[in-house]
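What follows is a single structure, written as structure tokens, with notes after it.
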2 protein chains.
Amino acid sequence: MSKLKPIDRSSFEPPYSQVARGMRERIVDGQYRAGDRLPSEAELCALYDVSRMTVRRAVALLVQDGVVFTENGRGTFVRAPELGAATFDLGSLRRLVDDAATTVKISEARIVPPSPRVRRKLAVDAESHVVAIRRVLSSAGEPVFYHTEYLVFDPRRPLVEAEYGVTALRDLLANAGKSGFKYGRLQLHASTLTETEASYLGEEPGMSAWVIEHLFFDFEDRPVSWGRFIGRSDRLDFSTTVGVPDVGKGAGE
Amino acid sequence: MSKLKPIDRSSFEPPYSQVARGMRERIVDGQYRAGDRLPSEAELCALYDVSRMTVRRAVALLVQDGVVFTENGRGTFVRAPELGAATFDLGSLRRLVDDAATTVKISEARIVPPSPRVRRKLAVDAESHVVAIRRVLSSAGEPVFYHTEYLVFDPRRPLVEAEYGVTALRDLLANAGKSGFKYGRLQLHASTLTETEASYLGEEPGMSAWVIEHLFFDFEDRPVSWGRFIGRSDRLDFSTTVGVPDVGKGAGE
DNA sequence: ATTCTGTACCTGTCTAGACAGGTATGTCGG
DNA sequence: CCGACATACCTGTCTAGACAGGTACAGAAT
């Protein structure tokens, strides 16, 4: 066990990241394999000539990435890639909305009495009203997603037209900074296009599609917005990796 | 700004977790809202009477959960819930396989010449052979998932029958400890059941379904296993939350 | 009025050491 | 043979302090 890769103190990359990258490389190389125990923190301190907190931070990075796991009193071990540990994110949906070539057209925005389903979702009675918004998201002129949203209508605070537009959607998806929501629940479904949805998207009914259902709550835990994104299954990319595919990504904070 | 909740030094919950929970509660209460700046680390040190590293660990927990974000030189701010930041995991698939009521039946396991698609996925030529495995996962007697897998056949190392069975699948999904894979790529698709798939699952063709496609690589970055899980869309739960739904979950390590 | 600069404040990073508690293992006494 | 105990090693947690570098703002120089 020798000091194979000493820390470059003049580098812009801080030591904890260099240590993490070094260990990651050894795992990728196969020097340490699934189940193997890594050198103890004290040993790594000596190997890289850094303090223990720095080593622990490096290890914490690898733990966070699912590359290794620690057991109290035993050591740090390389984790085997697990299919069940995979996570998928909505990155491609976010990219779609952030893309300049994406346009949002509001096909409908009016105050309606709530349907039974909307009543149940938004926990409102039949006498109240909701704002129904339907949008079509297009990328490069081609319709990609059909979005329906129902907002609890508050007659005391009439909303500005702009709030239903593109900005509101962008705030919902990307960083809002200021949104009236406390939290939201999301569900991902596999479904098929109805005739209405297919007509909006220029596809054929029965085609397999994604449904992203979202329900947002205000600070009093009352539901205020319920809606669904519906789009062709090939327009959203849910792909991910388990294990240690490459090293390049471990550097950024 | 007073010491509202002093740290309980006799509690089993370590101080860093108590601090994180305290700040989380204040955010949930609406005391701090999206965009607001939290007290600086030095202020939190004084408020809770702990060292700065303890405060930083607490903040790091909240950052990891997406509750707050930090900006160098400016401070720590409450993050607004973003739909685009949502992540989905395969927890329900893992639970399904871990469940004692789940059975795995191998409907086929034999050495076959690879189809063009399998040849492409596994990067093998037409002269080589692959092991084709088809499994049906049932929960409480009811078929839930249909799994097809193709393994590169290595004649030098004939595999044990058991490796194709339930154990191999469990290792693939839950913690394996020792697997021959270095990493894997996963893709989630929305699709519809073909006639073959529907017959295995006791459903009707055309029904919307999940497809989880997986491709695993060995330590020489060569693909060794390609396969797909196919199942009814209502048998996998892809639900998640954005923002701060509740406080109870912040305690565990 | 504009630009530059110092300063206060903030997060980011690192150190050296300390104690607690879990884990594995060997030894000793029964 | 076997259980109890001591011990070495490991990760988990915390402290007090230090320096670096980014940010914002007020005041000085132009």
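Lettering follows sequence order; numbering is per chain, from 1.
No donor-acceptor pair under 3.5 Å is formed between the side chain of A:Asp65 and the backbone N or O of A:Val67.
The interatomic distance linking A:Tyr48 (OH) with C:dT13 (P) rounds to 18 Å, in whole Å. One interatomic measurement links the two molecules: CZ of A:Phe69 to P of D:dG12, which rounds to 12 Å at whole-angstrom precision. Residue B:Glu43 contributes atom CD, which lies 17 Å from atom P of C:dA8 at whole-angstrom precision. When the C1' atom of C:dT13 is taken as reference, atom CD of A:Gln18 falls 13 Å away, rounded to whole Å. Between A:Arg37 atom CZ and D:dC9 atom C1' there is a gap of 8 Å when expressed in whole angstrom units.
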Determine, for nucleotides 15-22 of chain D in 5'-to-3' order, which nucleotides have protein heavy atoms under 4.0 Å from the base (write B), from only the sugar-phosphate (write S), or from neither (write -).
BB-B--BB
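Proximity of B:Arg135 to B:Ile106: side-chain heavy atoms (C-beta onward) are separated by under 4.5 Å at one or more points. Side-chain atoms of B:Tyr48 and B:Met23, non-hydrogen and from C-beta on, do get closer than 4.5 Å to each other.
Between B:Thr70 and C:dC10, a side-chain N or O to OP1/OP2 separation shorter than 4.0 Å is absent. Using a 4.0 Å cut-off, some side-chain N or O of B:Arg57 falls inside it from OP1 or OP2 of D:dT13. For D:dG12, one of the phosphate oxygens OP1 or OP2 lies less than 4.0 angstrom from a side-chain nitrogen or oxygen of A:Arg56.
Each of D:dG12, C:dC10, C:dT13 was ranked by its minimum atom distance to the side chain of A:Pro14; first place goes to C:dT13.
Ring centroids of A:Phe217 and A:Tyr183 are separated by less than 6.0 Å, placing the two rings close together.
Every residue two or more places apart in sequence or in another chain that forms a ring-ring contact (aromatic ring centres under 6.0 Å, His included) with B:Trp226 is listed here: B:Tyr150.
The CG atom of A:Asp8 sits 5.5 Å away from the CD atom of A:Gln18 when rounded to the nearest 0.5 Å.
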